[in-house]
Structures are given as structure tokens and as C-alpha cells.
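One structure below.
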There are 2 protein chains.
Amino acid sequence: MTKREQGVREATVADVARAAGVSKAQAARALGGYGAVSEQVLSVVVSAAEELGYRPNQLARSMTTGRSNSIGVVVGDIENAHFGLALRGISDEVREAGYTVVLVNTDEDLTAEVGAVQELLQQRVAGLIVAPCSSTEAAHLESAHDHNRTVVLFDRGVRGWALDTVRVDFAEAALQVGRLLLDAGHRRIGYISSLRVEEPYEQGTDLGLSPVADRVGGIERAFREAGAEWDRSLVKLNAASDDALAAACADLLDRPGPATAVVCSDSRIALGVLGQIKRRGLRVPQDISVVAYDDFPWTELVEPPLTVVSQPVYDMGREAARALLRRLGHRVPAEQLPLRAHLVERASVGPAAGSPAA
Amino acid sequence: MTKREQGVREATVADVARAAGVSKAQAARALGGYGAVSEQVLSVVVSAAEELGYRPNQLARSMTTGRSNSIGVVVGDIENAHFGLALRGISDEVREAGYTVVLVNTDEDLTAEVGAVQELLQQRVAGLIVAPCSSTEAAHLESAHDHNRTVVLFDRGVRGWALDTVRVDFAEAALQVGRLLLDAGHRRIGYISSLRVEEPYEQGTDLGLSPVADRVGGIERAFREAGAEWDRSLVKLNAASDDALAAACADLLDRPGPATAVVCSDSRIALGVLGQIKRRGLRVPQDISVVAYDDFPWTELVEPPLTVVSQPVYDMGREAARALLRRLGHRVPAEQLPLRAHLVERASVGPAAGSPAA
DNA sequence: TTGAAAGCGCTAACAG
DNA sequence: CTGTTAGCGCTTTCAA
């Protein structure tokens, strides 16, 4: 409070104890709200602390107790509204339990992710929420788990690991997307995602426990139902950067026999795809149909309004946080928030050019 | 690495030292990369550390050195793409210097902000980047500064405090916005912002060192140039929540003599306003003109494409981080990134209904 | 209810 | 170059 404390170090428990004329232990108990303290001592200590502008040193506290009050969150792309909103859910939930959030952005880069986990572990965070950029490479998460650090996975699961994973089941919605497009006569359906995969996608490629697997799988199922064959070369993965995304669009739109419909794996992809479509002077849905995952406000305001699959991103964030807190021994509401995705039909899907429905 | 370490505590410097057969100090030096260590000792220690799966305890390290490797970032609304992007800039920049980011979202609530700053200070972050929700109430920032904690302000400044502040100068762009609208015949120009202010806005209201002050000021100046008078009741502040935003829109659009143009202070506001306009069946720009601050991808994809004022948000984040790092004694590029806002004219501004220009 | 003393894991003098 | 010895600020036995 007072202005004079210039280069002065922060007041410590010892300072407060001295000022209050009690032992260090007793002052600590009063300040930390534990143990047994008489009314008298309490009030003296508290006012002494106020006087000195005492602020408990969390670092020291965490060190001695071994309990940290921060949790680590690792995401691939914080710019993406999906993660922004999820982060908000996480943040809201953990704060109620007294934790703060240490955030690391990885640019969907595995090396960066490994480093981030390492770093957070060194910072001794109480636990981790990770949206892994790969659902197959998970040695670093495994290692974290080995060292008894709680980790909760977000969006993508890791095969073979019994880690809590928060993700919505897209099987049903994805099937609906496939049917919607097929019913409209589309056969050349493109799919674009930023999921990192080594090999180009083909039938049988293991997409891991990612939502992308669900979503691509749904379309495959719809094709099977319709007795048609899906040209797997229309599935473009690894579109994490703007350049890669542009390349994927080019491949889909500029080839002979171009895609007549494109499914966008998230809103960032949708934004890019729409831009590319516009640049080419194509009209939606007359020339090309579009479906996007994630229902953010802007999707309803573009012309035409986008047909999307909505998912409760904020609640997913909260759930991830709750799962973590639960593991950490906190009491949190037992019932799980319903995490359902559903198709929202608007106006960006039309009959395929040249199809009987057209 | 090995699976057996179940409930085992993490290896410490002492463990490594013992395993390597050297003193604790020597092991610490080898592991910490400071002091003088012989090749021999180094390699023995390193391999012992590897063997034991040693991970330095940052908490302990920070405690003894007094240097923390995390910085605190306090924003009002992480969902807002503006902050998402800025956060990315901050994160990218500080990581290069070896810091992690502790993020707190405040919901544009002053009490929450005060608590957040307090909390971060207790966590002994090396410094703070704050996008203050009020540019007049700043006792908590003042106090942080008093306790020799470096704080850098983002977007909004605080009058009377010599704190580093990163913000772009909107004077010119705002004037252009005013002229653009006035030239198109608009006189009933609405302005909506989430800035927290006690009183309703009127001439002479102190908006502090906020961009809102610049932006409203620019419009005022344009009015003065044109020898016209601006109805201050068209300036709606405190539109932080969806409800408040809806109410502001209602007041602007449903009154007798409604606004013929609306300027949106950020992209979240723009999204809300566009939604309200659509709900009312109004057309842009025939019935109402719209200008928004922040040029995000979606603004170009709506119909009509939005006339916006763009600002280099990512670079602003980087600059904020650099300012902080500089204060913390790090070497960062001396030249400042140019932080300029500029008007991007697209198609959401048209002649005011009933104006000579119409 | 109180206090003295021992440590958490690390770094920082200070000698050798 | 190496080892010994103190702490950092807090919590936590253990006795009183």
C-alpha cells in the first residue's frame, strides 16, 4: 500500500510473525487458514499482514506441500475459436476450484507439444489437459502419466491409453452429413482437416481416436449405404497452415472432375475454404456445397448461411476440467454435461451439378 | 521411462548426484548448465539423470533464484478473436525467451481482474500483461507496480501511470470512419462498445486512454468538421454481455428516428449487431450501414463484405511481450513493429436513407 | 493453542 | 574444477 517500499522485498511469514509478536509457525497457521489458532492471535496476525502488505508466496507453498495450484493446457491453435471457447470452459471451471491455467500453444506441431508437456511437468502443474496434435504419437503423454501426473485428453483420444478423454461422439452426425450430401446427388465429396498424418489418406488408414476418424467414417458409411464408392483422394489432411489449406483447396477444386461438395473439419478450415471458393468465383451452393464442423456465430451470417455440425465446445471444456479436478480429488458435480453434436441444416448444401436431383 | 516408478517421487538433484558419485553442487551445476564442470562429470551426471528420469523442479529453481519463468496475462474475454490472436503473439514471443504464459479470463469484470492480478502476483510471475477492463480504476495495477512487478498494458492505457502500454493509434482511422459515414449522409450514427463505464455517455465523458476514446473522438471530430451535431445518446457502452448488446441494438434500431449507421467496437459486437439486424429483416447497407473494428477473415465473407478498421493484433501481442521482456532485462529486437490501424472499405456502408446522397 | 526445528529441491556463496 | 554450507518461504512434525 504505502509508497515507500521501493526495491524492498516482499513481506514473508517471518516478517509478519515478528511484527505480530508470535512464532513463525503460528503466523503461518493464521495466514494459511490451517491448524489451530486463537481468535486473538488470528486478529493480530491478520492486521500485521495487512500492514505489511503481505502476499503469500505460492511458489514456496507449492514447494512444501507438493501441491500446485495451476494446471497446464496444451492446444494446437489458440486462434481457433474452438479452442478459445474450450479454454474458457476450462478456465471457468478450474478457477472455481482455485486453480490457474498455464497455457501453451503448439501450432499443431508434435515436437512443440512434447516440449510443452515437458515444460509444464517441470513447472509441476497439478495436471494437464491436452488436445494432442497426433492421436498416434503419445509417448510424451504416456511418460507424463507414468510420473503420476493426471492428464486429460481433449478432442482426440490416444489408442491403448486409459486416459480420460473428453470428446463428443460424431458417429451419428457424421452419418447424417454423408447422407445429406449423397441424397443431394454428391459423389465427389471433399474433406479437409488439419489433422497431422504421415501418409495420404486411403481406405483403411488409421486416423486414431480423433473426431476426424468419426467424421470421415460417417461419410464412408453413407457411401456404403448408398452402394457407392468414395474417392479417398478427396480427403485432404495436414492442412494446418494457410498454405497447406490453400493447396488442399486447389487440389480439390482445380482438378479435372473437381469436388462438388466440401466438408470442413473446423471453422478455421471453413473460413479458408470459403475464401478460396470466393476467389474462384464459385457460388455456394449452386457450384459447390459446403458443410462445416463447429457452429460459430459467423457461420449463420455468411451468404448463404452455412450448414454445420454444432458441438457444445464450452461444455466440453468444462467437462475436461471436471474430469481433471475429479482425478485431483476435488468434489465436482457428478452428472456429466450432455455432450452431443447435431446437424444444423441451413443453406450451403444444394443439389450436385449434373445430378438427377439438380 | 521404466514402468516401475509408480507412486515414486520424482528424482532430485541429490538422487542424481548420489547415482553419479559426485557432490550435489556439482550435479546441480551440470544439470543447470551454470558454473564450471569438467567434461567427465558432465557426462556422468547427464547419463545418471537420464537413467533416473530426472526433471528439474522449476518451482524450487524459481524459489531460490527469485526468477520465475512464467508471465501472467489477464484479458477480459478470451473467446474474442481479438484476444485470441493477441495471446498467440504474446505466447510466441515469450516462449522464445523461455517463459510460459499463465492466463486468466476476467469476463470484463473489474473485481475478477483485481483478483486475477492478486493471484498472479502470489504465483510470483515475472511480469504481467493486462488488458484492463477499466481505464480509470487501476489501483490494483498500481499496487502491482509498487511491488516492483513489471506490468505492461494492452489495448487500454491508464491515465497518470507511466506503464508501458501497447496500443495502436486510432485517431486517423476513426476520423476516416466518421467522414466516410458523414459523407454518405449519415447523421444518426450509433457506436457500440463493451467498455465499462458508470455513467451513460455524453459530451465530455472521460473514456480514459481507451481505444474507444479515440474512436468516438474521431467521429466527434468528423461531426465538428461537418458543422453537425452528434446525438450522444447513440453511443452505447457497457455492452459486454449478450443481453446488454441486444439491449443496445434495440435502443439504436427500434427507437423513433433510429440509427442509420452503426459502428461496432470489436468483432464480437459486430457479430451481435449483424445478428440483430438480420433478425429485424433490415438490409445492409440499404437500410443501415455498418462499420466494424478488427478485420477478421469472416468479415470479408458475409454479405455484404464489411467495411472495417484493421489492426495488427498479432503484432500488438508480440510488442506487448517484447516490452515486458525488455523490462525484464532480455534482449529483444530494438525496432518496434509498426502498429498502424487502417480503414478497409468494402461494401457495408451506403448512403443514408433520405439523404441527398441516396 | 503454541513454538522450535526440520525440511521441500534447488542455487549461491565460499573455501579448497 | 569441486565440495560444503547456507539459505529461499513456506508447511509440518513433535513437544510443550
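Because only heavy atoms are used, hydrogens play no part in the values below, and waters and symmetry mates are left out as well, while side chains stay in. A note on names: the letters A, B, ... follow the listed sequences, proteins ahead of strands, and every chain is numbered from 1.
Side chains of A:Thr100 and B:Gln123: a donor on one and an acceptor on the other come within 3.5 Å.
Contact annotation for B:Arg124: no contact, since no heavy-atom pair falls under 4.0 Å across all strands.
Checking C:dA5, D:dT2, C:dA12 against the side-chain heavy atoms of B:Val37 singles out D:dT2 as nearest. Side-chain atoms of A:Lys24 lie closest to D:dC10 of the nucleotides D:dC10, D:dT4, C:dA5. Distances from the side chain of B:Ala25 to the nucleotides D:dG9, C:dA12, C:dT1 place C:dA12 closest. When the nucleotides D:dT11, D:dC10, D:dT2 are ranked by their closest atom to the side chain of A:Ala28, D:dT11 comes out on top. Closest to the side chain of A:Ser38, out of C:dA12, C:dT11, C:dT1, is C:dT1. Distance from the side chain of B:Ser23 is smallest to D:dG3 among D:dG3, C:dG3, C:dC10. Listed nucleotides C:dG3, D:dT2, C:dC10 differ in distance to B:Thr12; the shortest reach to its side chain belongs to C:dC10.
Straight-line distance from the CE atom of B:Met63 to the C1' atom of D:dG7: 9 Å, rounded to whole Å. Here the P atom of nucleotide C:dG9 and the CD atom of A:Gln123 are 17 Å apart, to the nearest Å. Atoms CG (B:Asn57) and C1' (C:dC8) sit 9 Å apart, rounded to a whole Å. At whole-Å resolution of the value, CD in A:Gln122 and P in C:dC10 are 10 Å apart. Rounded to whole angstrom, the span from the CD atom of B:Glu39 across to the C1' atom of D:dT2 amounts to 16 Å. Atom P of nucleotide D:dT11 and atom CG of A:Asn69 are separated by 12 Å, given to the nearest angstrom. Atom-to-atom, CD of A:Gln58 to P of D:dC10 comes out at 10 Å; the value is rounded to the nearest Å.
Inter-residue side-chain proximity for A:Thr165 and A:Val152 is flagged as unmet; no heavy-atom pair is nearer than 4.5 Å.
Remark: A:Arg18 engages A:Asp15 in a salt bridge, criterion side-chain N to carboxylate O under 4.0 Å.
What you find for A:Arg124 and A:Ser68 is that their closest heavy atoms are O-CB, 2.9 Å. Between A:Gly317 and A:Ile90, the shortest heavy-atom contact is O-CG1, 3.3 Å.
Checking the phosphate oxygens (OP1, OP2) of D:dT2, a side-chain nitrogen or oxygen of B:Gln26 falls inside 4.0 Å. For B:Tyr54, a side-chain nitrogen or oxygen approaches OP1 or OP2 of C:dC10 to under 4.0 Å. Neither OP1 nor OP2 of C:dC8 sits under 4.0 Å from any side-chain N or O of B:Arg61. Of the side-chain N and O atoms in A:Tyr34, one or more sit less than 4.0 angstrom from OP1 or OP2 of D:dT11. Regarding contacts with the backbone of D:dT12, a side-chain N or O of A:Arg67 is found under 4.0 angstrom from either OP1 or OP2.
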A:His140 vs A:Gln118, side-chain hydrogen bond (donor to acceptor under 3.5 Å, both in side chains): CA-CA, chis, key distance, verdict: CA-CA 8 Å; A:His140 55 304; A:Gln118 176 81 357; over 6 Å; no
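Looking at which nucleotide of DNA chain C each of B:Pro56 and B:Arg29 is closest to, the 5′-most match is held by B:Pro56. Nearest-nucleotide mapping onto DNA chain D: of B:Thr64 and B:Ala36, the residue sitting toward the 5' end is B:Ala36.
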